[in-house]
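One structure below.
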Amino acid sequence: MQECKKEKNDVSIVMPCLNEESTVGICIKKARQFITNSNIMGEVIVVDNGSEDSSKSVALECGARVIEEPERGYGRAIRTGLAHSNGKVIIVGDADTTYDFEHLEELYQPIADDSYDMVMGNRFAGNMESGAMSLLHRIGVKFLSFCARKRYHVKVYDFHCGLRSISKTASEKLCFNTDGMEFATEMIAKAAQNNLRIKQVPVSLGRCDYKRKSKLRTFRDGFRHLKFIIFN
């Protein structure tokens with residue numbers, strides 16, 4: 001495992017990755033373009049979560065810093081990425097080309113200005129490409145987000161959005177415990193419980209047109225989110 005660099009960046013863009021060889025390189029290049037266009041110092045971190053394809057080598061070739069996390073789990077990968085990030089702002093996004101890494105201003109600037117501690121993407125308020133999210137997932141995400149809003153008293157309408165940002169300082173204050181998909185809920189819950197300043201912004205969601213295997217397990221993951229909301 002590579003050690004975290006000591007110099008401080010303006011932004012760390014973290015991508016959890018499991019067998020994303022066809023898409024991770026595209027995401028890295030767009031994220032690096034955002035850093036260049038914004039004239040800021042930054043890094044792209046790919047947390048390889050036990051990929052069995054060439055994801056790791058593709059990520060290295062495209063200029064990312066690769067951290068290996070052998071213990072499987074979406075939450076586990078992000079937690080590892082947060083721990084190894086040295087940017088003042090940490091942006092987390094899926095490495096499957098469904099999010100626009102080239103235009104991250106609204107997730108970066110509110111935290112860079114110290115106006116907010118966390119910025120959540122809202123796919124329902126942005127441009128969602130046809131076929132990007134199934135009807136079942138739309139219903140499930142809206143229902144679980146409703147339950148979580150009531151439980152944690154926070155006005156977030158898309159708890160499961162895979163594009164979000166947090167300040168490094170805030171991430172170090174929160175004690176995360178989950179390793180699976182329910183981490184998406186835990187991250188917001190812990191932020192609300194610790195009175196962090198949370199902003200919500202519209203984000204676009206595109207359809208992934210590359211051959212890949214989805215990591216989502218609709219009912220299993222949904223029940224894990226619901227269980228977390230009820231008991232935490």
Atom of R79, atom of D179 and distance for their closest heavy-atom approach: NH1-OD1, 2.7 Å
Reported CG-to-CG distance for the pair D117 and L196, which is rounded to 0.5 angstrom: 4.5 Å
Heavy-atom side-chain proximity of K30 to V44 below 4.5 angstrom: no
L104 CG to Q33 CD distance, which is reported to the nearest 0.5 Å: 12.0 Å
Ring pair (Phe, Tyr, Trp, His ring centres under 6.0 Å) contacts in which one or both residues fall within residues 174-205, not counting sequence neighbours: F176-F183
OG1 on T178 to CG on N232, rounded to 0.5 Å: 8.5 Å
Backbone of V47 reached by a side-chain donor or acceptor of E69 within 3.5 Å: no
Modelled atom types, side-chain donor and acceptor of E20 and T23, under 3.5 Å: yes
L107 versus I111, closest heavy-atom pair with distance: O-CD1, 4.1 Å
Residue pair V141, D158: steps toward the side chain to side chain contact (heavy atoms under 4.5 Å, CB included) verdict: CA-CA 7 Å; V141 170; D158 186 2; 3.4 Å; yes
Considering all heavy atoms, the nearest P16-V92 contact: CD-CG1, 4.4 Å
Contact summary for I28 and V46, nearest pair of heavy atoms: CD1-CG2, 3.7 Å
Gap between atom CE of M120 and atom CZ of F159 - 0.5 Å precision: 8.0 Å
Beyond-backbone contact of E102 with N37, side-chain heavy atoms, under 4.5 angstrom: yes
Residue pair M118 / R164, side-chain heavy-atom distance below 4.5 Å: no
CG on D96 to CG on N19, rounded to 0.5 Å: 13.0 Å
Ionic contact status for K199 with E106, cut-off 4.0 Å: no
Flag, side chain of Q200 to backbone of Y157, donor-acceptor distance under 3.5 Å: yes
Main-chain N/O of K168 paired with S171 side-chain donor or acceptor, under 3.5 Å: yes
Min side-chain heavy-atom separation I229-Y152 under 4.5 Å: yes
Residue R76 excluded, over 12 heavy atoms near CZ under 6.0 Å: yes
Contacts table for residues 125-136: side-chain donor-acceptor under 3.5 angstrom, sequence neighbours left out:
residue, atom, partner, partner atom, Å
E129, OE1, R207, N, 2.9
E129, OE2, R207, NH1, 3.3
E129, OE2, R207, NH2, 3.4
S134, OG, H137, N, 3.2

Side-chain (E186) to main-chain (N177) donor-acceptor, under 3.5 angstrom: yes
Where V24 and S55 come nearest, the two heavy atoms and their spacing: CG1-O, 4.0 Å
Side-chain touch N86/R65, heavy atoms, less than 4.5 angstrom: yes
Interatomic distance, L144 atom CG to F223 atom CZ [nearest 0.5 angstrom]: 9.5 Å
Shortest non-hydrogen contact from S51 toward L18: OG-CA, 3.4 Å
